Amino acid sequence: MTTPRVAYALALGDDALVLAQRLGEWVARAPELEEDVALANIALDLLGQARTLLRYAGDLEGAGRDEDALAYWRDDRDFRNALLVELPNGDFAVTMARQLVFAAYQYELYDRLRASSDDTLAAVAGKAVKEVHYHRDHATQWVLRLGDGTDESRRRMVAGLATVWPYADELFQPDDATAALVADGVAVDPPTLREPWTSYVEGVLAEAGLELPEAAAPRSGGRRGLHTEHLGFLLAEMQHLHRSHPGATW
Amino acid sequence: MTSEWPLWEVFIRARRGLSHIHVGSLHAPDAAMAVRNARDVYTRRGEGVSIWVVPSDQITASSPDEKDAFFDPAGDKVYRHPTFYEVPAEAKHL
């Protein structure tokens, strides 16, 4: 049964899973070998978070689905990730813009979730907050260098931020599942993360000599299963092998 | 792009009390990124507690041509080795 707590664990887990898949696409294609390794590391951190969160969601649901069943046998309408993480990688600047926006959000989220009254969520957050601190730092370093680099790198960084900016708002929107859990101290109320997130991201952009992107109509729907057309293609690639050969291991 | 990133030598200290040891090299645009790249490339399995990076072109190396003059004279000076002492069992890392 999809209780609010199941839905909340799925939302956090799906954010991590889908972004891990996206970042994995950079492997062997990053600008440098060292960035291949860095992005793969970040992807694997996220995959570890996703595995724990989805396993927990499956246990709570009580329908016999483990983390693999949830990752490989749900269709896009059942995924609860925010739209931001399913956006195509674009060029390196788009990916770094997405990383900055998401890691800064996820850091504030996990930092507070450590105090959750749900022991499992608190434990996941306690471990993940250190990983995400590094993800945020990695993105920060690149946004500073691209924003304050050459004319071309700056142009791309500005374009990258403009691409992802409309999708940031969804991270801070309350949804029904979360609202039911906030009062019990299980979940973090998303709107409370907006101010510390804004403070951090604005600080990075100011140091990089970049202006805040112009406000655009916010895009949302992921938490309700209404995704962009990009998620279906991502899932097709991610789920193809498991669906063609159920239970395959190697 | 590839040719523009300088090379860095990476030194990792595995534990407190040990010295930094050269583990390899990597490319990075600047020192701060070199430390981060070193963290990702060389400490993913918990290998270190401290990282140094040094620009490769800042290292002055001995020349292979000077090998005989540099190293052969040490070969027969056994009295320079502390082999005449009992090493206490408690002394680690000697």
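These numbers were taken from a predicted model, which means no experiment stands behind them. Per chain, numbering begins at 1; letters A, B, ... match sequence-line order.
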So with a 6.0 Å cut-off around [atom1] of [X], is the heavy-atom count from everything else above 12?
X         : atom1 : answer
His240(A) : NE2   : no
Glu152(A) : CD    : yes
Asp119(A) : CG    : no
Asp72(B)  : CG    : yes
Lys77(B)  : NZ    : yes

Point to revise | Under 3.5 Å donor-acceptor, Glu34(A) side chain and His27(B) backbone | key: yes
Exercise for review: Using a heavy-atom cutoff of under 4.5 Å, enumerate the residues of residues 40-56 of chain B that contact chain A, numbered in order, or state 'none'.
Suggested key: Asp40(B), Val41(B), Arg44(B)
Check your understanding: Is there a side-chain contact between Leu26(B) and Glu32(A), using heavy atoms and a 4.5 Å cut-off?
Key -> no
**Study point:** His138(A) vs Arg36(B) side-chain heavy atoms within contact, under 4.5 Å
**Key:** no
